[in-house]
Each structure stands twice: as structure tokens, then as C-alpha cells.
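Report on one structure; see the data block that follows.
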There are 4 protein chains.
Amino acid sequence: MSTPESQPEKTSARGKRADAVRNQQVLLDAAGEVFVTSGIDAPIREIAAKAGVGLGTLYRHFPTRADLVTAVYRHQIEACAEAGPKLLAEADLPFDALRQWIDLFVDFLVTKHGLADALQSESERFAALHTHFLDRLLPVCAQLLDAAAAAGEISSDVRPYELLRGIGNLCIGRDSDPRYDPRRLIEPLLQGLRPHAAPGA
Amino acid sequence: MSTPESQPEKTSARGKRADAVRNQQVLLDAAGEVFVTSGIDAPIREIAAKAGVGLGTLYRHFPTRADLVTAVYRHQIEACAEAGPKLLAEADLPFDALRQWIDLFVDFLVTKHGLADALQSESERFAALHTHFLDRLLPVCAQLLDAAAAAGEISSDVRPYELLRGIGNLCIGRDSDPRYDPRRLIEPLLQGLRPHAAPGA
Amino acid sequence: MSTPESQPEKTSARGKRADAVRNQQVLLDAAGEVFVTSGIDAPIREIAAKAGVGLGTLYRHFPTRADLVTAVYRHQIEACAEAGPKLLAEADLPFDALRQWIDLFVDFLVTKHGLADALQSESERFAALHTHFLDRLLPVCAQLLDAAAAAGEISSDVRPYELLRGIGNLCIGRDSDPRYDPRRLIEPLLQGLRPHAAPGA
Amino acid sequence: MSTPESQPEKTSARGKRADAVRNQQVLLDAAGEVFVTSGIDAPIREIAAKAGVGLGTLYRHFPTRADLVTAVYRHQIEACAEAGPKLLAEADLPFDALRQWIDLFVDFLVTKHGLADALQSESERFAALHTHFLDRLLPVCAQLLDAAAAAGEISSDVRPYELLRGIGNLCIGRDSDPRYDPRRLIEPLLQGLRPHAAPGA
DNA sequence: CATGAATGAGCGTTCATTCAT
DNA sequence: AATGAATGAACGCTCATTCAT
């Protein structure tokens, strides 16, 4: 399925009633907005109210908060994952592809701010989101990293998980602070991975 | 004295009763532990229980949660701030001092894990902690950065606030994840600040 | 029917669920009783317990204590207000109507004892109740007073607000004390308003 | 003891230490002020703080709140009681003495506002204050009432307790409301007790 | 004796979750 | 299937009261 945006999403579809499908989407939209406004720990009621549905409906579609959070960010993750190979194919140098992909990744984390927080959450409840996130993005990141290493553009032994995690961390709290722009740190971090930069350490 | 840890600290002492002073410390210890376990938003009751004192005692010593959080981390911040100039004086190269100081900084954030989370908190309530944190550490970081830049060891225009913030972010959630070690990203990040690392961008 | 007691009252009714309407009434009854027993500052929990509902239910129906207090006494006030003009129309002498109306007023204050206390409360929270009380009863009292004055049955310059307030005050604490019957003071007070009683002062 | 004001008061005195006696008085003064400001349910701490003594000291002198309240108002009550016979002896007509005495009574209730509230309190805790209050003032009121009745100036069968209670009630909440002046009702009430005022009823 | 630190019951309030309608 | 009323655990906080110092 190459265009996930074009369908009501696999979370529902199937023999469902039309209004049920519609509610699903309405809830996802509402939750996404509320997560940005009030964080992913926002009162369930607030989300249901914003969606204009009853509490029970929300619970029916997303029994746990984690289900909702996961569903909300699945799109983002999917699109990001798909961009990796494409960038690699298009770029002249693998390192450029990596840089562009991370830029995209940062875009997601920063524009849909809730995500970074969600991924950060210590709670067991978001294990599913974590898992999905890693399952989908770790291979992509690894591919890019490997390609750059194979081309001799990277000397560091940084692991994909570390990199993803670190970039994610750097993006936390970006919105609330105009003095802080994660990209101004990410660029040197990437440069630091290059071969010529490692006389010390 | 150079080791503030060795004294009951100015937060209390003075004409106070012995048990009051003791309770103050017991509470700080308990809070520190609980912050790690349950985050800085842990129920007040949990902290009081862990300390083995009544609720009222906690409130007497620390009327607001922010007071408690601030007190808990004041030590750490102070010791870290004092280490900066000392390292600069002792190191051969300013960049080495910077690296060592950041290592120390990471130590604090990582061993007293709650801190990074606390600094991250969006809440207005922790403005005092933020302020104290920045007031104390920003100048130190700036001094180290300036020294390194003056020695030609740094070419990046990274600002002290950005660096501090970024390092802090990278340390978030370190404990819960054995696969993640912030230092493995911090080292390349610092290398990326050096002159020879900037042909790209 | 002319007695508002006979209907569920506009406070609820409408498309509501049957049990919600029932709870509303159950809560009002319980609150009324508890107000008498423990005053209008009785613990919220006590009222909810007496009504046999959960805490949240009480909060749902009456978000603030003032809402509950007001709702509890709205009936009383309304019925009393409506009685004024009727008595005036039926009585031979305006003064008799006034006397009868005040008798009714006392009935309300004394049988639904909490009211006098509620009106007495200094708290800002009950401003709404105060307002409603005065909005509704002051004009009635004024009308009766004016009619009696116009008929030459009253010489005193007592103002409606004073009279209402005074009668209300006299009724405070009636229940707890068998030796005290406010009517035994109210009768002379009314007599004292008549023309022939004013040689002194 | 004709001038109770001139001595530290019987509540203490005796073989006590000088500072204990002083504390007693300081506490009474502080309590009196706080009762006016914050009502007789004001936090104990507030009173101790205003008096500049420790909590334990307050509790030592006045084990219960009622003890404190009673002690605070004992002076007032005593002075009022003593004024009755004096007024009766000086006045031309017993009714005038009654009127003046009640005026005095109202003065007390209104200037030391807390009193009316205290006497009103339903709580068992203030039984002692009630008792003292009645023990001391009821006979005085009775004497004045009897004298007026004996002189044919009063026809009503109002009982001393009722009158005292009613006047007290009328004074409740006077301070907070500029529109309300209890004396404007007390005057007609007293007039209503006179013989010529009773054709109706 | 005086002090005020410590205690903890008790209150108001929020909000996740269930379930009657 | 959708609704939202009901529930009650859990939390922050206050303050009367006790008791170590």
C-alpha cells in the first residue's frame, strides 16, 4: 500500500459501519490536536469532547490510551520510514541521504510535537508505540547508516538505535523555547560522525 | 569548603532542632529516590511515606513541590558549577576542559537521573529551578566554550544555552534503557564542533 | 397545578435520562437534610453518602457548593414569592396580608431550617443565592409594606430589606432550641410598626 | 470586684508566674482581634501567631477553642450584666432602662462582632459560653422586664430568654452589610411590647 | 514552662473507567 | 453502536492536636 493517506487506515476499514469508520478518523484528528495542546496525558474527556463523540465511543475504538497514541502517530512513522530508501536512491552521497532523512525525522518530531514526548514516556503503556516505532524506523536508519559507512563517509560506530534515540531526545521541548533549535546541534553531531573528525576521543 | 556534600547545607542548619534538620535531609534523600522511580510528579504522599514522616512535615519543609525539587538538585548544580573553572585551570587544552566538564555534567544528570526530567518539565512551577540552573551553569559553560573558541579549538557558533540544553536532552531516559548511552552521542557532537569538521553543512 | 413541588422542576427534566433526573432529586433531598444536620458547610462526601451516590455524581449535577445550596432552596423562595400577591388580594386589610406573608416566610425559614443559615453565610460563594433571594422576595415584601403604608396601617419607615433580613435573623437557630420561638418576637415587632405605637423613640 | 477591667482577670491571677499571666492576657487580646477578623473558627495558629506565642502555650492556657472564646467574651458579658441594675436605678421609667440596657447589649454584640456569631454557633463546644452568658444576663434582663411590666409599661408576655436571643439574632451579620442596622428593628420591637400596641394578634 | 516540629484525619476536587440507557 | 451518567480511587492541601526538645 503505497499511499496510506488515501484510505481510512488499516486500523479500521473492513466490514465496519460508515459512521464507525468516520468516528475513528474524527477521534484520531481530535487526539492529534489535543496531544499537541495538552500533551499525551490530556484528559480522555477532552479528546472525546473535541471529537464530538461520547466517552464510550472513544473507549470502543481505542480501549487504552496507548492504542490511541499509537494510532495517532502511525501515519507519521510510516511516511518517514518510506522516505528513507527513496532518499538513498536519489542522493549522490549516502551521507547526504542520511542527513536529509534525519531532517525529515526532525520535522515529524517537531511539527507533531507530541510524538517526542510520547516516545519519551517511561510508561509501559506505550510499549506498543515504541515497538512499532523501532520496528519501522530502525531498519531504515540502519540502512542509511550502513550505506554511509560503506562509502567511507562515517567512521563512528554509532548504532542506529542510539542515533534515533538521540535525535528524538534533542527534539524534546523544542516548541516551548525559542532559544533552542535542535538542528543547530544535530548538524555538528552528524559532522562528528565523519572520519576526519576523530583524532581525539 | 570545597565539598558541599560534607555539611548539612545552608538550606537548614542554624538554630533548628536536631530532628528538624534530620527530617529535612531525610526528605531530600527520599524525594531524590522517588523522583527517579516515579518522576518529579510523584505523589507527595509517596515521598512522605518513603521518608517515614507525615505529610505535614513535608509541607512544612517544602511548601511547594518546586521547593522540594529545587532543594533536591541544588547540590548537584552547585558542585558542577564549581568544577568548571577548576577544570579549565588544570587542563592543557580548553577543549579538554570542556569535554571533562560536560562529562561531569552528564554524570550528574545520569546518576541523579530525575534532574533531566525536572529541567524538562514545562510547568511554570519549576521556573525557579530552571533559573537557578541556568544562572549557575550557563556562565560556566560559556567560559569553557569561549576559552576553547579563543584557542581555535572550536569553530561552531553553538551557544552555551543550546549546548547545555542539548546535552541535558540527550541524557533523558538514560536509566530505563541499557541500549542507550548518551556519551556515545555526546563525543561525536563535541567533535563536530571542532574546526576541521565543517567542510559540509 | 399551582404548586411547583409537584413537578421535577426545570432544574432538570428535558431529554435527561431517568436515573439522572432521579439522582438530581435524591441529591437535593439529601442535601436539604444534611444542611439541617450539619450546616451548609457539611462535607460534600456526607451529602453524597446520604444520597447514596458517588462523589462524581454530586459534582456533575452541582459543580459548586453554591449551586447545590441554591438549588435546594429555590423552591422555597419561589413558592413564598408567589404567595405574596395572592395574600394581598385575598386579605381584608393589607397589614393582615403582610402578617400572613411573614408567617409563611417564617414557615419556610423554620421548616427548611438550613435556609436562614445559608442566607447568613458571609461567603462570596453564596452571592447567587442571596441575589436570587432578594430579587424574588424584596419586591413582594415591598409591595405588602407599601400597601399597608398606603392604608395608613404602618407608620414606621422600615425598609423591605431590613424587615426581611431581620425576620430571617430572628429565625436563625430556631430548631435547636425549644425555648425559642421567633414568632413570639415577630408579632410584637410587627405591632411596633403600626402608627399608634410610636410616641417614644 | 467592681472594676473587672483593672485586674488581670480571675481566669488567671493567683500564684501564677508573671509571664504566664501576661501570656494569658496577650492571648485574649489576640484572640479577640482575630475573632473579629476571621470569625471564631479562625485557625488556632493565626491566634498564636498574632499573640506572638507558641501553639503549645495557647493550648496550655486554653485547652479547647471554647475555653478561649468564653474567656475572650467574659469581660463583655460581665460589664453588660453590671450595667442593668445601675440603669434601672437611674432611669425615670423602667422601660427606658430596658431600652438603654438593650442598647448597651447591642453595642457589645455589634462592636465585638464575633460574639453574636459565637453565641449562635450550634456546636456543643460553646455550651460553656452559652451557659455563662445566660447565667449572667438572663437575670438582669428579667429584672428589667419585670420592672417594666410591674410599672404597666409592658403588656407582652415575652420571656427574658426570648428577648435576649432575639436581640442577639438581630445583630448577626451587621458588619458586613451597610444596608442593615439592627436598631431600626429593635426599636419597633420594643414598642410592640407596650400595652397600647396589642389590639390585633 | 514555652516552643514549634510532627502527625495524620479529613476535605475538595479530578478523572479514568464502567455500564445503564 | 453511541452516549454520557455514575463511580470511586487518588491526589493536593489544611489545620487541630500532640509531644519532643
Side-chain angles (χ1 to χ4, degrees), chain A residues 16-24 26-27 41-49 51-61 63-65 125, chain B residues 12 15-24 26-27 41-49 51-61 63-65, chain C residues 12 15-24 26-27 41-49 51-61 63-65 125, chain D residues 16-20 22-23 27 41-49 51-61 63-65 125:
Chain A
K16 304 279 183 136
R17 273 167 44 172
D19 59 342
V21 175
R22 198 180 323 118
N23 273 336
Q24 184 111 340
V26 165
L27 277 166
D41 284 324
I44 291 287
R45 274 183 162 69
E46 190 179 332
I47 297 165
V53 305
L55 269 176
T57 303
L58 198 164
Y59 273 97
R60 166 177 302 274
H61 288 289
T64 73
R65 181 185 294 271
R125 302 177 304 173
Chain B
S12 55
K16 302 286 187 128
R17 269 166 46 170
D19 60 341
V21 175
R22 201 180 321 120
N23 272 335
Q24 183 114 336
V26 165
L27 277 167
D41 284 325
I44 292 286
R45 276 177 170 76
E46 188 180 334
I47 298 166
V53 306
L55 261 180
T57 304
L58 199 165
Y59 274 101
R60 166 182 291 275
H61 288 288
T64 74
R65 182 184 294 273
Chain C
S12 56
K16 302 290 187 121
R17 271 165 46 168
D19 60 342
V21 175
R22 199 181 322 121
N23 272 335
Q24 183 114 337
V26 165
L27 277 166
D41 284 325
I44 292 286
R45 276 177 171 76
E46 189 180 334
I47 297 167
V53 305
L55 264 178
T57 304
L58 199 164
Y59 273 99
R60 167 181 292 274
H61 288 288
T64 73
R65 182 184 294 273
R125 299 176 305 172
Chain D
K16 305 276 184 141
R17 274 167 42 171
D19 59 341
R22 198 179 323 118
N23 273 337
L27 277 166
D41 284 324
I44 291 286
R45 273 183 162 68
E46 191 180 332
I47 298 166
V53 306
L55 269 176
T57 304
L58 198 165
Y59 273 98
R60 165 177 303 275
H61 287 290
T64 74
R65 182 184 294 271
R125 300 178 304 173

Measure the [atom1]-[atom2] distance between [X] and [Y] for me, rounded to the nearest 0.5 Å.
{"X": "B:Ile47", "Y": "B:Arg65", "atom1": "CD1", "atom2": "CZ", "answer": "5.5 Å"}
{"X": "B:His61", "Y": "B:Asn23", "atom1": "NE2", "atom2": "CG", "answer": "5.0 Å"}
{"X": "C:Gln24", "Y": "C:Leu58", "atom1": "CD", "atom2": "CG", "answer": "10.0 Å"}

Given atom [atom1] of [X] and atom [atom2] of [N], what is their separation to the nearest angstrom?
{"X": "D:Arg22", "N": "E:dC1", "atom1": "CZ", "atom2": "P", "answer": "13 Å"}
{"X": "A:Leu58", "N": "F:dG4", "atom1": "CG", "atom2": "P", "answer": "13 Å"}
{"X": "A:Ile47", "N": "F:dG4", "atom1": "CD1", "atom2": "C1'", "answer": "16 Å"}

Has [X] got a side-chain N or O lying under 4.0 Å from the OP1 or OP2 atom of [N]?
{"X": "A:Arg60", "N": "F:dA2", "answer": "yes"}
{"X": "C:Thr57", "N": "F:dA5", "answer": "no"}
{"X": "C:His61", "N": "F:dA6", "answer": "yes"}
{"X": "C:Asn23", "N": "F:dA6", "answer": "yes"}
{"X": "B:Arg65", "N": "F:dG12", "answer": "yes"}

Check every atom of [options] against the side chain of [X] and return the nucleotide holding the closest atom.
{"X": "A:Pro43", "options": "E:dC15, F:dA1, F:dG12", "result": "E:dC15"}
{"X": "C:Leu55", "options": "E:dT7, F:dG4, F:dG8", "result": "F:dG8"}
{"X": "A:Ile44", "options": "E:dA16, E:dG12, F:dG12", "result": "E:dA16"}
{"X": "C:Arg45", "options": "F:dA5, E:dT13, F:dT7", "result": "E:dT13"}

When you compare the side chain of A:Arg60 with that of A:Thr57, does any pair of heavy atoms fall below 4.5 Å?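 Not in contact.
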Please determine, for F:dT21, whether a Watson-Crick or G-U wobble partner exists with both distances under 3.5 Å, and give it or none.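 Base partner found: E:dA2.
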Grab the two heavy atoms, one from C:Gly54 and one from C:Ala48, that are nearest each other, plus how far apart they are.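 Taking C:Gly54 first and C:Ala48 second, the nearest heavy atoms are O-CB, 4.1 Å.
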Toward the 5' end of DNA chain F, which comes first, C:Gly54 or B:Pro63, by nearest nucleotide?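 Upstream on the strand: C:Gly54.
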Both D:Tyr59 and A:Val53 contact DNA chain F. Which one's nearest nucleotide lies toward the 5' end?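 By nearest-heavy-atom nucleotide position, the 5'-most residue is A:Val53.
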Residue closer to the 5' end of DNA chain E, A:Ala42 versus B:Asp19 (nearest nucleotide):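 It is B:Asp19 whose nearest nucleotide is closer to the 5' end.
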